[in-house]
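These notes concern the structure reproduced below.
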Amino acid sequence: MVNKKFYITTPIYYPNDIPHVGHAYTTIAADILSRWFRIRGYDVFFLTGTDDHGKKIALAAEKAGKSPKKFTDSLIPKFKEAWKKLNIKYDRFIRTTDKDHEKIVQEILQKTYDKGDIYKGEYEGYYCIGCEAYYTEKDLENGCCPIHKTKIEKLKEETYFFKLSKYQKALLDFYKKNPDFISPKNRRQEIINRVKEGLNDLSISRTSFNWGIPLPFDKKHICYVWQDALYNYYSATRQKGKEKYWPTNIHLIGKDILWFHSVYWPAFLISAGISLPNCVFAHGWWTFDKEKISKSRGKVINVDELVAIAGVDSARYFLFREGVFGEDSDFSEKILIERHNNELANKLGNLVSRVTNLAEKNQIQKTTNNLLKKLKLKQIEKLIKNYELDKALNLIFEFIDICNEYVQNKKPWETKDKKVLYELVDSIKAIAILLWPFIPETSEKIAKQIGFKIKFDEIKKPIPANKIKKSEILFKKI
RNA sequence: AGCGGGGUGGAGCAGUCUGGAGUGCUCGCGAGGCCCAUAACCUCGAGGUCGGUGGUUCAAAUCCACCUCCCGCUACCA
């Protein structure tokens, strides 16, 4: 039997950023889902990467005295290290400078051009020479550049346009037929309303700089950011053996780029005659101690800082337990530590500690695990399939409480009941397997300690009545 | 301005779609229990007219209308 496939992506990030909590959130979410579908037996392809092209990069490279390629090469390790640090297991790290990507982008652009969806025109905007960038009217302050405070001029540039307006109806039809395409559903109406208001054609090329992919039908022009970037999701599946993964099951993104993914992206694909992704899931933003994260105000928390607070697993756990997946949440070091202490150390850690200790002293004896019946496995599976990660975690931790209660009520330290201890050890196994996508390091420690494999089917397989040793402390309190 | 989201015991949140005793979670507070465990764990309790007004209904936090306050988005900007 052929396994079902699951293809998941994160956005490709701008490499001159420092990987921070926002990047980490999306990427961990993708990691959790891909791990989950892997243990459920799916053939998973998890893609992340960087968007190396664009004017900002070209300028930053110039400033650093490097070629853009060399410059981005030097930035990529930061991201790879961050993901390693967060225990993220992606299948490919794509860069928009990858040869296979460039080739695919050009092929599709040519196709789109041949179809007549790209035409030459003029782009008009407010151009600041100091910034070497265009601004929209509302960006200006009294007609001046917001950064240089200098008078700004209206400039025209020859550019190619994509006929986005042509796809208004097709998009609306598509949304109607695929109600889950834009998720969570409260964002859906927002997009639909805006699309109904009408779509402008999209300027897709620039001649003012050359760090990008040249248009195949006019080499003077380079493809401008979005088209180049969005196609990465597709080009990654044009590699040999990877074709089966298209279309994407879920594009995980931040709500700030939902418009591009739910409007431009399907329009580009329809135009190129490519089948459309199943779902674009826009999650919320992190505020920091109730304030919006902004670099200028120093309210960013980067991956190193995040992990330094209480470790990888606590960070991963916190991000998905705090708040509803899909909505905004507030990041606070204090609350992360609270959750680490109260939930991971006191509930989960302590449960493992007391049970393994009792099991070491008294041994365990195989029996039917009635305790496990209280685990709402079906519901948990359903929640994760609907990407309701916070709710799934709630149910798993509800079961941890039930286990702690069970220890309390059955008093195995008094009765020395080997069967009760067996039930508990077997239940911890189930907990560890279910938590593996969220806190892999901890689950693996538990698995090693008790002696089982992290596979979904193992949840229902009775654990062999091995000798158990008291576990080390899983989460030290802070 | 338009569109979207929100206002639930002291704090932070679920619950609202698919109405059914104010149910639940984390923390804080009060009392007790346990002693296996990471001074952890378990039980009980105090505390809310579910933003306001009106409507539908046998029944509304939940559905409808209006009002009020908070927050976000408004496009070629990753």
Side-chain angles (χ1 to χ4, degrees), chain A residues 11-17 22-23 50-51 53-54 56-57 123 125 133-136 138-139 159 161-162 164 184-206 224-227 229-230 253-260 263-264 284-285 287 290 292 321-324 326-330 332 334-335 338-339 341-362 388 390-391 393-395 397-398 401 403-416 421 424 470-477:
Chain A
I12 46 174
Y13 306 112
Y14 239 34
N16 64 341
D17 269 349
H23 301 112
T50 51
D51 181 7
H53 289 136
K56 280 184 199 162
I57 297 283
Y123 178 79
Y134 280 99
Y135 286 98
T136 56
K138 70 176 169 58
D139 291 331
T159 180
F161 283 90
F162 172 74
L164 184 63
K185 59 175 182 282
N186 56 4
R187 306 234 183 260
R188 186 168 168 259
Q189 204 52 41
E190 206 170 319
I191 297 292
I192 290 178
N193 288 341
R194 275 175 65 193
V195 172
K196 276 183 182 161
E197 282 169 21
L199 295 168
N200 294 332
D201 288 347
L202 195 65
S203 159
I204 56 153
S205 76
R206 288 289 185 277
Y224 187 58
V225 207
W226 276 108
Q227 209 156 25
L230 285 165
I253 56 166
K255 64 178 184 180
D256 50 328
I257 51 174
L258 178 60
W259 176 253
F260 308 100
V263 180
Y264 298 178
W285 277 15
T287 54
K290 296 288 170 199
K292 198 170 168 175
R321 187 71 192 275
E322 182 76 11
V324 180
E327 286 171 29
D328 287 355
S329 318
D330 187 51
S332 133
K334 186 175 151 248
I335 295 175
E338 265 175 31
R339 288 199 180 274
N341 286 339
N342 296 324
E343 294 161 33
L344 292 174
N346 290 351
K347 289 183 186 298
L348 174 61
N350 186 45
L351 175 70
V352 173
S353 174
R354 69 200 297 209
V355 168
T356 51
N357 179 56
L358 288 165
E360 183 183 46
K361 284 182 189 159
N362 304 305
E388 297 181 276
D390 53 300
K391 294 196 179 71
L393 271 180
N394 263 326
L395 287 185
F397 273 75
E398 201 175 88
D401 285 343
C403 290
N404 269 318
E405 248 174 75
Y406 196 70
V407 177
Q408 194 63 32
N409 295 337
K410 292 285 179 182
K411 300 185 196 307
W413 60 88
E414 229 176 76
T415 64
K416 318 228 184 273
L421 290 173
L424 284 162
K470 183 172 169 25
S471 147
E472 58 170 312
I473 300 283
L474 293 174
F475 297 94
K476 278 217 173 69
K477 291 217 266 185

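Since the structure is predicted, the reported quantities are computational estimates derived from the model, not experimental observations. Chain A is the first sequence line, chain B the second, and so forth, proteins listed ahead of strands; every chain is numbered from 1.
- Between the P atom of B:G4 and the CD1 atom of A:I192 lies a distance of 11 Å, rounded to the nearest Å.
- Among all heavy-atom pairs drawn from A:L230 and A:F260, the shortest one is CD1-O, 3.9 Å.
- When both distances must be under 3.5 Å, the Watson-Crick or G-U wobble mate of B:G9 does not exist.
- Comparing B:U38, B:A75, B:C36 by their closest approach to the side chain of A:W259 singles out B:A75.
- A:S471 and A:S353 form no side-chain donor-acceptor contact under 3.5 Å, judged by distance and modelled atom types alone.
- The side chain of A:Y264 lies closest to B:C76, out of B:U38, B:C76, B:C42.
- Between A:N342 and B:C27 there is a side-chain polar atom (N or O) within less than 4.0 angstrom of OP1 or OP2.
- Using atom C1' as the reference point in both B:C70 and B:A75, the two lie 25 Å apart (nearest Å).
- Nearest to the side-chain atoms of A:Q408 among the listed nucleotides B:A37, B:A14, B:C41 stands B:C41.
- Picking from B:C27, B:A37, B:C41 the nucleotide with the shortest atom distance to the side chain of A:K361 gives B:A37.
- Atom OH of A:Y406 and atom C1' of B:U43 are 18 Å apart (whole Å).
- Side-chain proximity of A:N404 to B:C41, B:C76, B:A37: nearest is B:C41.
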Practice prompt. Apply side-chain contact (heavy atoms from CB on, under 4.5 Å) to the pair A:K416 and A:L421, showing each step before the final yes or no.
Written response: CA-CA 8 Å; A:K416 318 228 184 273; A:L421 290 173; over 6 Å; no

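- Atoms CG (A:N350) and P (B:A37) sit 10 Å apart, rounded to a whole Å.
- As the counterpart of B:A14, B:U23 is assigned, both hydrogen-bonding distances of the Watson-Crick or G-U wobble pattern falling under 3.5 Å.
- Checking the phosphate oxygens (OP1, OP2) of B:A40, no side-chain nitrogen or oxygen of A:K347 falls inside 4.0 Å.
- Across all strands shown, B:U62 has no partner, as no Watson-Crick or G-U wobble contact with both distances under 3.5 Å is found.
- Considering every non-hydrogen atom in both A:F397 and A:E343, the closest pair reads CE2-O, 3.7 Å.
- A 3.5 Å limit on both hydrogen-bonding distances identifies B:G30 as the Watson-Crick or G-U partner of B:C44.
- The side chain of A:K391 places no N or O atom within less than 4.0 Å of a non-bridging phosphate oxygen (OP1 or OP2) of B:C25.
- Of the candidate nucleotides B:C42, B:A40, B:C36, B:A40 has the atom nearest to the side chain of A:K477.
- Under a cut-off of 6.0 angstrom, the local environment of NZ in A:K470 is crowded, with over 12 non-hydrogen atoms contributed by other residues, nucleotides or ligands.
- Of all nucleotides listed (B:C35, B:U26, B:C41), B:C35 comes nearest to the side chain of A:E414.
- Across all strands shown, B:U49 has no partner, as no Watson-Crick or G-U wobble contact with both distances under 3.5 Å is found.
- Nucleotide B:G72: paired with B:C3 (Watson-Crick or G-U wobble, both distances less than 3.5 Å).
- Put simply, A:N357 has a side-chain N or O that comes within less than 4.0 Å of OP1 or OP2 on B:A37.
- Using a 4.0 Å cut-off between a side-chain N of Lys or Arg and a carboxylate O of Asp or Glu, A:K411 and A:E414 do not qualify as a salt bridge.
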